[in-house]
Amino acid sequence: MTERNFYEQVYAVVRRIPRGKVTSYGRVAKMLGRPNAARAVGYALSALKDHRDQHADVPWQRVINSQGRISIVSRETSAQRQAELLRQEGIAVSDDLRINLDLYLWEGLHLLEVDDILRGQ
DNA sequence: TTGTTGACCCAAG
DNA sequence: TCTTGGGCCAACA
């Protein structure tokens, strides 16, 4: 399952995050079988904003860091906008951009399920 | 091939 | 809770 572009693998997993839930970059990386590729996941999502037309269905806002915070730093995509999107889904985001992972964390998929998804697309 | 750059993670202090 | 330092990975020049 490493034949497909890394970007596409990331997007495929992120698309499976249910509404009202969040997960972390590191968790997405683990689902792809690359436990230490968290930075690469962030890189993939940052590239997303440049191709918003093709991947408008990817809920990038549901991916935050492992501390349950939005530490995004970008002129095109502000942390405040991400917080706003999450609140629209019913997720409580505090003023300092914190999210209670005990309530909203999406445990994610197992490796086999991810494999099925990637193969099926 | 090498070096740099991120929307990161984690352990220490 | 916050800051540092080391580690990892993929894209790009």
Side-chain angles (χ1 to χ4, degrees):
Chain A
M1 88 183 193
T2 50
E3 69 285 352
R4 198 181 297 269
N5 292 338
F6 183 75
Y7 279 20
E8 295 300 326
Q9 294 184 32
V10 172
Y11 302 155
V13 169
V14 173
R15 268 192 282 259
R16 292 307 195 280
I17 304 176
R19 181 185 178 85
K21 291 288 182 180
V22 299
T23 194
S24 72
Y25 300 92
R27 222 171 258 271
V28 172
K30 277 181 191 171
M31 293 178 214
L32 294 176
R34 289 181 168 63
N36 300 315
R39 289 194 84 151
V41 172
Y43 193 93
L45 290 187
S46 69
L48 198 56
K49 65 179 186 298
D50 298 328
H51 309 282
R52 209 168 281 146
D53 307 347
Q54 312 169 32
H55 300 289
D57 57 331
V58 177
W60 54 268
Q61 73 274 17
R62 294 176 192 153
V63 184
I64 60 180
N65 68 24
S66 66
Q67 309 304 307
R69 317 187 68 180
I70 301 173
S71 56
I72 177 176
V73 179
S74 168
R75 54 188 181 286
E76 297 222 10
T77 308
S78 75
Q80 287 299 334
R81 196 154 75 80
Q82 180 172 6
E84 187 180 339
L85 288 169
L86 290 174
R87 290 191 182 109
Q88 290 176 4
E89 300 188 351
I91 296 175
V93 183
S94 65
D95 291 339
D96 55 351
L97 304 179
R98 269 184 241 199
I99 294 168
N100 188 336
L101 289 180
D102 291 333
L103 294 177
Y104 302 111
L105 179 65
W106 179 60
E107 289 297 340
L109 305 166
H110 295 297
L111 217 48
L112 287 178
E113 298 178 275
V114 174
D115 198 43
D116 285 344
I117 291 171
L118 295 179
R119 208 191 304 278
Q121 287 184 350

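In the text below, chain A, chain B and the rest are named by the order of the sequence lines, each starting its count at 1.
- Counting to the nearest Å, the P atom of B:dA7 and the NE2 atom of A:H51 are 14 Å from each other.
- Across B:dT5 and C:dC8, the matching C1' atoms stand 13 Å from one another, rounded to whole Å.
- Atom CD in A:Q67 sits about 8 Å away from atom C1' in B:dC10, given to the nearest Å.
- Between A:R69 and C:dC2, a side-chain N or O to OP1/OP2 separation shorter than 4.0 Å is present.
- Atoms OH (A:Y7) and C1' (C:dA10) sit 7 Å apart, rounded to a whole Å.
- Taking atom OH of A:Y25 as the reference point, atom C1' of B:dC10 lies 17 Å away to the nearest angstrom.
- With B:dA7, B:dC9, C:dA11 as the choices, the nucleotide that has an atom nearest any side-chain atom of A:F6 turns out to be C:dA11.
- Between B:dT1 and C:dC12, the two C1' atoms lie 13 Å apart (nearest whole Å).
- The salt bridge (charged side-chain N to carboxylate O under 4.0 Å, His left out) pairs that include a residue from residues 83-95 of chain A are A:R62-A:E89, where partners are two or more places apart or lie in different chains.
- Non-hydrogen atoms lying under 4.0 Å from DNA chain B are contributed by nothing in residues 96-104 of chain A.
- Taking 4.5 Å as the limit, some side-chain heavy atom of A:I64 sits within range of a side-chain heavy atom of A:L101.
- Under 4.0 angstrom from either OP1 or OP2 of B:dC8 there lies no side-chain N or O belonging to A:R27.
- The separation between A:D50 atom CG and B:dA7 atom C1' is 12 Å, rounded to whole Å.
- Distance from the side chain of A:S46 is smallest for B:dA7 among the nucleotides C:dC8, B:dA7, C:dC2.
- The CZ-P distance, from A:R39 to C:dC8, rounds to 12 Å in whole Å.
- The side chain of A:S66 contributes no N or O atom lying less than 4.0 Å from OP1 or OP2 of B:dC8.
- The residue A:A40 sits close to a base: some heavy atom pair falls under 4.0 Å.
- The NZ atom of A:K49 sits 8 Å away from the C1' atom of B:dA7 (whole-angstrom rounding).
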> Checking side chain to side chain contact (heavy atoms under 4.5 Å, CB included) for the pair A:V13/A:Q9: CA distance, chi angles, key distance, verdict?
Replying inline: CA-CA 6 Å; A:V13 169; A:Q9 294 184 32; 6.0 Å; no
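- Both A:A38 and A:Y43 lie close to DNA chain B; mapped to their nearest nucleotides by heavy-atom distance, the more 5′-ward contact belongs to A:Y43.
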>> For a side chain to side chain contact (heavy atoms under 4.5 Å, CB included) check, start with the C-alpha distance between A:K30 and A:L111, then their side-chain angles and the critical distance, and finish with the verdict.
In response: CA-CA 8 Å; A:K30 277 181 191 171; A:L111 217 48; over 6 Å; no
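- Atom CG of A:L48 and atom P of C:dA11 are 14 Å apart (whole Å).
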